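Please read all numbers here as calculations on a predicted model, not as lab measurements. Chain naming here is simple, since letters A, B, ... match the order of the sequence lines and numbering starts at 1 in each.
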There are 2 protein chains.
Amino acid sequence: MPRPPTMKDVARAAGVSVMTVSRAMKDGGSVSAEARARVGAAARDLGYVFDATAANLRLQRTGFIAVTVPTLNNANFADMVGALSRALGAEGLQVLLGATGYDVAQEERLVGQLLRRRPEAVVLTGGSHTAHCRDMLAKAAIPVIETWDLPDEPLGHVVGFSNAATMEMMVQHLTSRGLHRIAFVGGDTNQDTRGADRKRGFLAAMARRGLAADRLIGMGAPPISMRQGADAMARLLVEMPDTQAVICVSDLSAFGALSACARAGVRVPDDMAVAGFGAYEIASVCVPTLTTIDPFPSAIGAAAARLILARDTMDQPFQRIEVTPRLVIGGSTPAR
Amino acid sequence: MPRPPTMKDVARAAGVSVMTVSRAMKDGGSVSAEARARVGAAARDLGYVFDATAANLRLQRTGFIAVTVPTLNNANFADMVGALSRALGAEGLQVLLGATGYDVAQEERLVGQLLRRRPEAVVLTGGSHTAHCRDMLAKAAIPVIETWDLPDEPLGHVVGFSNAATMEMMVQHLTSRGLHRIAFVGGDTNQDTRGADRKRGFLAAMARRGLAADRLIGMGAPPISMRQGADAMARLLVEMPDTQAVICVSDLSAFGALSACARAGVRVPDDMAVAGFGAYEIASVCVPTLTTIDPFPSAIGAAAARLILARDTMDQPFQRIEVTPRLVIGGSTPAR
DNA sequence: ACAGCTTTTGGTAACGATAACATAAAGATT
DNA sequence: AATCTTTATGTTATCGTTACCAAAAGCTGT
């Protein structure tokens with residue numbers, strides 16, 4: 001089986017030099033219309049496909065942007081990657097995607113693998129990484145963008161928000177409705193650092209108001225699923241039946257909690273208020289609709305893309321772009 | 001700013017030749033333990049990162065597997081890509097992912113872009129492509145795997161199922177419960193070819209039983225969302241109030257339909273049965289749980305990975321692997 | 001000590017594209 | 001007509017890695 005044709009083959013077929021072929025493949029090159037046509041025809045006849053690998057080696061530019069997310073199976077991250085990918089694709093850049101499984105060790109391995117492909121920038125989810133991972137990224141001398149978080153010691157640019165602060169918003173909302181016995185459903189590991197930040201924010205917000213924050217339901221390792229949200233609510237209804245409101249680490253678990261209430265005949269929001277995070281589509285469709293926080297995932301992706309595309313401004317001090325999440329009040333918490 | 005160190009730099013620092021460095025980077029190479037250690041130390045000191053681009057050019061192997069999905073933001077496709085990515089990653093292969101937006105023209109562009117990266121195999125969602133796209137893939141002389149479908153004229157291997165047949169299962173289930181006035185909620189374009197196949201399968205299953213299949217609600221272009229499922233059900237309740245059951249093109253729209261019923265005070269399944277497709281997590285958590293079809297997305301991904309990894313068997317005639325979807329009976333359709 | 005192994009090491013030439021320079025042909029200017 | 005531009009084309013070297021071959025070094029047994 002013969003190897004795929006190269007520019008050399010096209011050049012021979014078109015009766016020109018390789019350089020002319022190379023120029024004809026681009027838009028700007030100064031090539032006569034006639035030569036360009038011959039090259040085009042030869043390329044079509046031979047089924048020539050441009051070899052990006054060779055060009056990348058020569059140009060020392062790959063057009064890859066490495067992106068890591070905890071999991072692909074999450075509408076928030078998918079939205080971010082979608083926005084990022086669309087914006088970058090329009091400029092000829094390719095997203096090289098990897099999932100860390102909410103595990104910094106896995107992230108370290110992944111980043112190591114991705115850097116071998118010589119990406120032109122790295123977009124990470126979260127601001128928590130192993131020392132070796134930070135080290136590799138620092139040495140790579142390419143733009144690094146951390147997202148979904150506001151790390152104290154960022155590696156480079158940041159596009160994110162304070163997860164803790166969103167819980168202040170949510171606790172404020174609930175207490176303004178006269179609810180004080182508030183539970184939090186989340187993971188019981190710190191693997192999902194954003195989830196852990198939200199839990200910390202919840203504890204701080206409760207403490208600030210002198211409220212007891214002893215209703216913590218930990219459901220294991222991330223991602224915390226709908227099923228786990230339902231199980232958590234079932235436990236809560238038995239173990240702490242006087243709970244007035246539940247904040248869940250995400251809309252998925254909040255929906256599970258909602259379903260558990262429906263099964264148990266607990267009225268939402270009258271007997272129990274439920275709040276989530278993420279503004280997933282389900283929040284606006286379920287009955288009642290979910291009170292949640294919209295972190296604007298595609299805005300995060302778009303902002304990251306803008307930073308990458310404005311490469312020339314990358315020499316400037318690292319940017320810290322805050323995307324302000326919005327409280328979305330639904331029917332799962334009481335009206336004023 | 002200096003360029004990142006190369007093997008040459010490492011070789012100089014370690015006092016050996018580039019070839020020795022190259023060998024030391026791999027496992028099997030015959031290198032003395034002492035040289036290997038010196039190379040390792042030098043690489044660490046210099047912050048050397050292997051350049052996969054150069055190696056790929058030389059080896060004529062990129063380790064890329066191109067994968068296209070209609071959208072990232074879909075748990076079924078995310079599951080498939082996740083399974084594929086995990087299985088391939090263990091063998092050092094990298095998924096190069098692209099989203100077509102349910103658009104064959106976009107798919108064509110995407111495949112063109114991906115092929116320039118010289119992937120070693122291509123995994124496509126669906127079996128419907130533009131002529132030029134089919135042509136490019138045929139000429140690429142690499143394994144092509146079409147998934148989620150059983151095309152009549154496959155481009156290569158196939159890992160899928162008959163979308164139409166799943167609707168026969170579903171109609172059979174509903175009619176066995178004595179329901180005959182059945183509606184179908186889906187898109188009104190053929191962009192989502194799998195959705196369109198399911199609609200066709202629905203029509204055929206109804207015709208086979210001599211039932212009228214005139215309750216078709218078309219909700220525009222894919223993806224059909226929860227919101228659109230809710231709108232469709234709202235319309236249906238007004239326009240065809242005697243409808244007994246609704247089959248939705250996916251669990252997302254089915255859940256929307258369920259919510260619309262809840263809002264309208266329509267009891268499910270007593271007044272209206274609802275069925276979906278996809279066995280998304282929501283189907284097993286919502287109240288009532290959804291009757292749906294599980295297409296086993298991660299089994300599809302795993303099977304595709306197996307085909308790719310068994311490269312040597314790729315010369316054999318194209319394989320056609322059927323993954324049999326399973327009817328999952330939930331509370332949204334009446335018990336027997 | 002020496003032939004006959006195996007193991008380790010190094011030099012050279014690719015892989016397929018393009019930047020940089022050099023040259024030739026055509027067109028514009030005096 | 002002679003010179004200066006501009007445009008079109010070709011030649012050479014290179015990006016960082018590895019296959020291939022050849023040579024050197026380390027072993028073994030006589």
Proximity to the side chain of [X] - top-ranked nucleotide from [options]:
| X | options | answer |
| --- | --- | --- |
| A/Arg23 | D/dT18, C/dT18, D/dG10 | D/dG10 |
| B/Ser22 | D/dT18, D/dG10, C/dG16 | D/dT18 |
| B/Ala54 | C/dG10, C/dT18, D/dG16 | D/dG16 |
| B/Arg58 | C/dA17, C/dT12, D/dG16 | D/dG16 |
| B/Phe50 | D/dG16, C/dA17, D/dT18 | D/dT18 |
| B/Ser32 | C/dA17, C/dT8, D/dT11 | C/dT8 |

Which whole-number value in Å describes the distance from [X] [atom1] to [N] [atom2]?
| X | N | atom1 | atom2 | value |
| --- | --- | --- | --- | --- |
| B/Leu115 | C/dG16 | CG | C1' | 17 Å |
| A/Arg36 | D/dT7 | CZ | P | 14 Å |
| B/Leu59 | D/dT17 | CG | C1' | 8 Å |
| B/Lys8 | D/dT18 | NZ | C1' | 15 Å |
| B/Arg116 | C/dA17 | CZ | P | 10 Å |
| A/Arg61 | D/dC15 | CZ | P | 18 Å |
| B/Asn56 | C/dA17 | CG | C1' | 14 Å |
| B/Arg3 | D/dC15 | CZ | P | 6 Å |

5'-most contact on DNA chain C (nearest-nucleotide basis), A/Pro5 vs B/Glu34, goes to B/Glu34
Kindly say if [X] contacts the phosphate of [N], meaning a side-chain N or O under 4.0 Å from OP1 or OP2.
| X | N | result |
| --- | --- | --- |
| B/Thr20 | C/dG10 | yes |
| A/Tyr48 | C/dG16 | no |
| B/Gln60 | D/dA19 | no |
| A/Thr53 | C/dC15 | no |
| B/Ser17 | C/dG11 | no |
| A/Lys26 | C/dT18 | yes |

Does B/Asp9 pair with B/Arg12 as a salt bridge, N-O distance under 4.0 Å?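 Looking at B/Arg12 together with B/Asp9, the answer is yes, because their closest N to O distance falls below 4.0 Å.
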Would the distance check show the side chain of [X] and the main-chain N or O of [Y] forming a donor-acceptor pair, the cut-off being under 3.5 Å?
| X | Y | answer |
| --- | --- | --- |
| B/Thr68 | B/Ala99 | no |
| A/Glu146 | A/Leu155 | yes |
| A/His129 | A/Arg134 | no |

Tightest non-hydrogen contact, residues B/Gly156 and B/Phe318, listed as O-CB, 3.4 Å
For A/Asp103, look at atom CG and say whether over 12 heavy atoms of other residues, nucleotides or ligands are found less than 6.0 Å away.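 Yes, CG of A/Asp103 has more than 12 neighbouring heavy atoms, counting only those of other groups under 6.0 Å.
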**Prompt:** Using a cut-off of 4.0 Å on non-hydrogen atoms, how would the nucleic acid contact of A/Ala35 be classed: base, sugar-phosphate, or nothing?
**Reply:** sugar-phosphate
Classify the nucleic acid contact of B/Leu57 as base, sugar-phosphate or nothing, counting any heavy atom under 4.0 Å across all strands shown.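 Base, at least one base atom sits under 4.0 Å.
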